[in-house]
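Below: the structure, in structure tokens.
Numbering of ligands and ligand atoms starts at 1, following listing order.
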Amino acid sequence: MSQRAESADTVLAPAGAVIFCRVIDNFGDAGVTWRLSKRLRDLGLPVTLVIDAVDVLARLVHDLDPAATDALVRGIRIADWDAFEAEVSAGDLSRIGGVWPSLVFETFGCRLPDAVEAGLCDGRTRLWVNLDYLSAEEWVEGSHMVWGLHPTLPVKKLWFFPGFTDRTGGLLIEDGLDEARRAFDAAAWRRAHGARDGLRTLFFFVYPVNAIDRLAAGLRAAGEPLNLMLAPGEASDMLERALKGDARFNVVRLPFVPQEEFDDILRAVDGAVIRGEDSFVRAQLAGTPLLWATYPTEDKAHEIKLDAWLARFREAWPADAAVPFETYEAASRHWVDGTLEPAEVKAWLDQLPVQKRAAEVWRESLLRRGDLARRILELVPRA
Ligand code: TRH
């Protein structure tokens, strides 16, 4: 443990951090808050994750009982939201060691239980943070680190945004991430998971609304034999069906792995078609070329989100690359807006080596910006 971790431990323990999470859908809310929980634990804090869908978290945390209302898994206390709210409303803090937490995380604007908000007023909690969704859009810099006043209570909340620039909160980056990547044996992982030698390997974890038939048509037309590692889910079922009977593709259905093993998949492949927020970040931190399926919304905010990220990622594109960034940009946009052409899939495959170079430069820039969890701990007022 580093000096700074010890200081967080000393200053904030035993009260520690409580993180509140409401699962909107899919795995991202649970995924990000579990990652944050582990990060704070590693920095020396007692952590409680209060979540309204323990069963969803249990998909990512295999030693968690999906029906649990209270569990201690790898040093992190996991509490069912309703049970926790009932206890706190009755003045019972025994589950979190009988002490009010020093650091309270509301995530993605999930609204804290009234009893918790009321308890934030008497100064025992040093910092109340709303950790928001990730976006590369410019407005994020203006909203990051803004204090919000409560409509009725004398307490302030800090709006904290993850992001890709120095004027945002950065990303969750574990100590030792680089070493873990260097030590990882990608070839051994591929062999162990049924990949055929001599073929490039891609990973798919996308949404059923994505243009999967178009992607499949593009893969067929490109004609390159590939290992295709598919995450569980309906979207992968659709892709597998669309490629059925084409012996050029070695299709491997992966199980839903514990979150700790998710990075391995990304490190083992030549390209990843990933989605949401957390798998998108982890592919970037793995330095893996990616096509991003942004979380789709009716107002098409996901297309704006993609464009904002592309505008930043463009900076990492090698100046001497034989293919222009615009080729990658077009494939990314058309994948997300549903108009992907077969030729764009081939172009995406052909330029994977250039994307790899860009992904490495980009990854370095993200690592240089440092870790979101440490930044938050540095903001907690010392008593
Ligand atoms: O599941 P998602 O689509 O989550 C989305 C987004 O986060 C979106 O921003 C949010 O608004 C919405 O949920 C509610 O994709 P994401 O963010 O990549 O989360 C997937 C998590 O699942 C991530 O933590 C990795 C984890 N995972 C595993 O642990 N094992 C696996 O085998 C797989 C496929 C995923």
Side-chain angles (χ1 to χ4, degrees), residues 19-39 49 51-53 55-64 66 73-74 76 107-110 130-137 140 161-164 171-174 177 189 193 202-210 212 228-237 239-240 252-269 272-286 288 290-306 308-309 336 372:
I19 301 166
F20 288 87
C21 170
R22 281 199 187 278
V23 172
I24 307 299
D25 66 4
N26 301 322
F27 305 107
D29 311 279
V32 171
T33 50
W34 178 241
R35 215 175 269 295
L36 174 66
S37 302
K38 289 185 286 188
R39 190 71 199 111
L49 173 57
I51 185 164
D52 69 347
D55 57 328
V56 173
L57 183 63
R59 293 288 303 279
L60 285 71
V61 184
H62 289 195
D63 39 355
L64 171 64
V73 178
R74 272 162 285 141
I76 295 164
T107 55
F108 314 127
C110 68
N130 179 73
L131 178 65
D132 222 294
Y133 287 114
L134 171 70
S135 176
E137 289 163 85
V140 170
F161 283 78
F164 301 99
L171 303 172
L172 283 168
I173 298 174
E174 297 83 4
L177 189 71
W189 187 96
H193 290 83
L202 302 180
F203 173 57
F204 288 88
F205 177 46
V206 306
Y207 299 112
V209 295
N210 293 133
I212 291 168
L228 300 173
M229 320 300 276
L230 311 189
E234 191 188 336
S236 292
D237 296 345
L239 183 63
E240 188 176 11
V252 176
R253 294 304 301 258
L254 296 174
F256 203 97
V257 300
Q259 195 189 54
E260 290 71 24
E261 292 172 28
F262 187 66
D263 282 351
D264 293 351
I265 305 175
L266 298 167
R267 289 172 183 151
V269 299
V273 192
I274 40 67
R275 74 187 206 187
E277 176 168 326
D278 194 53
S279 51
F280 171 54
V281 169
R282 300 313 288 189
Q284 291 170 71
L285 294 177
T288 302
L290 62 91
L291 261 192
W292 182 24
T294 40
Y295 181 73
T297 51
E298 253 172 24
D299 59 2
K300 303 225 181 276
H302 57 293
E303 294 183 13
I304 296 169
K305 258 186 146 172
L306 172 68
W309 180 77
V336 160
L372 176 151

Short side-chain to backbone donor-acceptor contact, [X] and [Y], under 3.5 Å:
| X | Y | value |
| --- | --- | --- |
| Asp299 | Ala301 | yes |
| Asp132 | Gly109 | no |
| Thr288 | Leu266 | yes |
| Lys38 | Ile76 | no |
| Arg253 | Pro232 | no |

Distance filter under 4.0 Å to [X] heavy atoms, resulting ligand 1 atoms:
| X | result |
| --- | --- |
| Asp29 | 14 (C) |
| Tyr207 | 2 (P), 3 (O), 5 (C) |
| Gly31 | 24 (O) |
| Val257 | 28 (C), 29 (O), 30 (N), 31 (C), 32 (O) |

Distance from [atom] to nearest protein heavy atom, with residue and atom:
| atom | answer |
| --- | --- |
| atom 26 (C) of ligand 1 | Leu60 CD2, 3.9 Å |
| atom 13 (O) of ligand 1 | Asp25 O, 3.4 Å |
| atom 23 (C) of ligand 1 | Asp278 OD2, 3.2 Å |
| atom 4 (O) of ligand 1 | Gly28 N, 2.9 Å |

Proximity to ligand 1 by part of [X], non-hydrogen separation under 4.0 Å:
| X | value |
| --- | --- |
| Trp34 | neither |
| Phe256 | both |
| Phe27 | both |

Problem - Among Gln259, Arg275, Glu277, side-chain contact (heavy atoms from CB on, under 4.5 Å) partner for Phe27 - result: Arg275
Exercise for the section: For the pair Trp292 and Phe280, name the ring-plane relationship: parallel under 30°, tilted 30 to 60°, perpendicular over 60°. Expected result: parallel
Practice task
Check side-chain contact (heavy atoms from CB on, under 4.5 Å) between Val73 and all other residues, then give those that pass, not counting sequence neighbours.
Solution key: Trp34, Val61, Asp63, Leu64, Ala71, Ile78
Completion exercise
Nearest heavy atom to atom 10 (C) of ligand 1, choosing from Phe280, Tyr133, Phe203, belongs to Tyr133
Problem - More than 12 heavy atoms of other groups within 6.0 Å of Glu260 CD - result: yes
Fill in the blank from the handout: side-chain hydrogen bond (donor to acceptor under 3.5 Å, both in side chains) filter on Glu174, not counting sequence neighbours, yields Arg282
Considering both backbone and side-chain atoms of [X], is one of its nitrogen or oxygen atoms within less than 3.5 Å of a nitrogen or oxygen in ligand 1?
| X | value |
| --- | --- |
| Gly276 | no |
| Ser279 | yes |
| Glu277 | yes |

